[in-house]
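Structure, as structure tokens:
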Amino acid sequence: MPSRLRKFIGMVILVTFVIVYAFIAMVIGDMTLQNAHTAVQMLYFAIAGIAWTIPAGALIWWMERPATISRKQAED
């Protein structure tokens, strides 16, 4: 897969993922922690705010991989 195409696909997936993740984390936090102590709410949102970086980092790693050379291109 060409590098430019992989980066474009990764960018679309990353933007979509961050928007959906933020919405889901917000809804879960709002629905489950309404009556929780403020410290618990802050801890949840701190963890939820950092947790998205793990899958995003994996996606960015995939986007930055060098393009593979097919056998046909290697023979030329």
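A single hydrophobic cluster is seen to contain both Leu5 and Trp62, as judged by linkage of ILVMFWY side chains at heavy-atom distances under 4.5 Å, directly or through other members. By the rule that hydrophobic residues join a cluster once side-chain heavy atoms approach within less than 4.5 Å of another member, Leu33 and Ile24 end up as members of one cluster. If you chain together hydrophobic residues whose side chains sit under 4.5 Å apart, Met42 and Val40 never meet in one group. Met63 and Ile9 fall within the same hydrophobic cluster, defined by Ile, Leu, Val, Met, Phe, Trp and Tyr side-chain heavy atoms under 4.5 Å apart, directly or through other members.
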Side-chain polar contacts of residues 12-22 - donor-acceptor pairs under 3.5 angstrom, sequence neighbours left out - could you list them?
| unit_1 | atom_1 | unit_2 | atom_2 | d |
| --- | --- | --- | --- | --- |
| Thr16 | OG1 | Val12 | O | 2.8 |
| Tyr21 | OH | Ala48 | O | 2.8 |

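At distances below 3.5 Å, at least one donor-acceptor pair connects side-chain atoms of Arg6 with backbone N or O atoms of Arg65.
Looking at Tyr44 and Gln41, their side chains never come closer than 4.5 Å, going by heavy atoms from C-beta outward.
Atom CG of Leu59 and atom OG1 of Thr53 lie 12.5 Å apart (nearest 0.5 Å).
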